[in-house]
Number of protein chains: 2
Amino acid sequence: MSIETSPASTPVWHHIDDAECRRFQSSVELVGKRWSSGILLAVAQGSSRFSEIVATVTGLSDRLASQRLKELEQAGLVHREVIATTPVQIHYSLTDRGADLMKSLQPLVSWGQRWAR
Amino acid sequence: MSIETSPASTPVWHHIDDAECRRFQSSVELVGKRWSSGILLAVAQGSSRFSEIVATVTGLSDRLASQRLKELEQAGLVHREVIATTPVQIHYSLTDRGADLMKSLQPLVSWGQRWAR
DNA sequence: CTGGATCCCTATCGATACTG
DNA sequence: CAGTATCGATAGGGATCCAG
């Protein structure tokens, strides 16, 4: 699956693979869910504790933070580590997969810059 | 706003700009909405007529196609052209901005390939 | 501190029917 | 052909309270 734009021409579709298409779609839908990108950015930034993430992402509630983190963990993007202190500490971090995703999202950031109004 | 991963280390946050962050978030949320990516891919592929898009994107209904296309048009990603024939024909195409978006999404496709299970 | 459970409200969806 | 209108069902979200 790839898309190319030749100069002064229309985009061209080169190859479609259904499974790949679904993977792409589910990825972009997860990341596109409300708060997901904010949480990923916060974690990428260095926020590791639950309350830290909630504080970093403006407007994010406990409930949604919990829910999204669970989804992101299930998707293998975020790693959850329990540290047996009292009280218990939880550390969140990006998995390799998650970190690679963030790098793959960088062109999208640049796109936003290029076309800023 | 940029994210980097140094070898064998954790991702590093270099710079945050709130406006840029919101732009990024709203972009990814629009593209991440159900059917959006499918529609964009269909149009990038060459589907230009309304019914063609609906037929190309499996499971997409008239109503949602209409709604998403309106959103994508408002976001400046898709161009809608009315051709005064009888009956009237509508042609959809990617704007330059939309085509550039699709190119910026390519690393995400590659990411999906790299981490396919 | 890190969430889980509940309530309740709104947005969104799919299906169906209809129009210029 | 290219949508719009309407409706009931469902999912998502905020607020609040509670627990290990």
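Predicted, not measured: the structure shown is a model, and the values here were computed from it. In what follows, chains carry the letters A, B, and so on, assigned in the order in which the sequence lines appear, proteins first and then strands, with residues in each chain numbered from 1. Both backbone and side-chain heavy atoms feed into the values below; hydrogens, waters and symmetry mates do not.
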Query - CD1 on A:Ile53 to CG on A:Leu41, rounded to 0.5 Å - result: 12.0 Å
Query raised in the report: Taking CG from B:Leu60 and C1' from C:dT12, how many angstroms apart are they, rounded to a whole number?
Result: 14 Å
Query raised in the report: Looking only at side-chain N and O atoms, does A:Ser51 come under 4.0 Å of OP1 or OP2 in C:dT2?
Result: yes
**Report entry** Gap between atoms CZ and C1', on A:Arg34 and C:dT12 respectively (whole Å)
**Finding:** 14 Å
Report task. May I ask you to say what B:Gln67 touches in the nucleic acid, namely base, sugar-phosphate or nothing, with a heavy-atom cut-off under 4.0 Å? Result -> sugar-phosphate
Query raised in the report: Roughly how far, to the nearest 0.5 Å, is NZ of A:Lys103 from CG of A:Leu94?
Result: 12.0 Å
Query raised in the report: Side-chain heavy atoms under 4.5 angstrom apart, residues restricted to Ile, Leu, Val, Met, Phe, Trp, Tyr: same cluster for B:Val78 and B:Ile83?
Result: no
Query raised in the report: Is any side-chain heavy atom of B:His79 closer than 4.5 Å to a side-chain heavy atom of B:Glu73?
Result: no
Query - Distance, rounded to the nearest Å, where B:Lys33 contributes NZ and C:dA11 contributes P - result: 12 Å
Query raised in the report: Who pairs with A:Trp111 by side-chain hydrogen bond (donor to acceptor under 3.5 Å, both in side chains), at least two apart in sequence or on another chain?
Result: none
Query - Verdict with supporting geometry, B:Glu71 and B:Arg68, side chain to side chain contact (heavy atoms under 4.5 Å, CB included) - result: CA-CA 5 Å; B:Glu71 293 166 2; B:Arg68 284 291 173 276; 3.3 Å; yes
**Report entry** DNA chain C-proximal residues of residues 71-85 of chain B, any heavy atom under 4.0 Å
**Finding:** none
Listed pairs under 3.5 Å, donor-acceptor, residues 55-63 of chain B side chains, sequence neighbours left out:
from	atom 1	to	atom 2	distance (Å)
B:Thr56	OG1	B:Ser47	OG	3.1
B:Thr56	OG1	B:Glu52	O	2.6
B:Ser61	OG	B:Leu64	N	3.3

Query raised in the report: From the 5' end of DNA chain D to its 3' end, which nucleotides mark the outer limits of contact with chain B, defined by a 4.0 Å heavy-atom distance cut-off (strictly under)?
Result: D:dC1 to D:dT6
**Report entry** Angle between terminal axes - the helix from C:dC1-D:dG20 to C:dG20-D:dC1, 5 pairs each end, rounded to 10°
**Finding:** 50°
Query raised in the report: Rounded to the nearest Å, what distance is computed from the CD atom of residue B:Glu29 to the P atom of nucleotide C:dA11?
Result: 16 Å
Query raised in the report: Is there a side-chain contact between A:Met102 and A:Leu105 (heavy atoms, below 4.5 Å)?
Result: yes
Report summary line: CG of A:Leu108 to CG of B:Leu101, rounded to nearest 0.5 Å, is 6.0 Å
Query raised in the report: Are A:Leu77 and A:Leu30 close enough that some pair of their side-chain heavy atoms sits under 4.5 Å apart?
Result: yes
Query raised in the report: Can you check whether B:Arg80 reaches B:Leu69 side chain to side chain, under 4.5 Å on heavy atoms?
Result: no
Requested in this report: Please name the pair of heavy atoms, one in B:Arg23 and one in B:Ser26, separated by the smallest distance, quoted to 0.1 Å.
Outcome: O-OG, 3.0 Å
Kindly give the atom pairs (protein nitrogen or oxygen, nucleotide nitrogen or oxygen) under 3.5 Å for nucleotides 15-20 of chain C.
from	atom 1	to	atom 2	distance (Å)
C:dA15	N6	B:Arg63	NE	3.2

Query raised in the report: Heavy atoms, side chains only, cut-off 4.5 Å: are B:Phe50 and B:Ile90 in contact?
Result: no
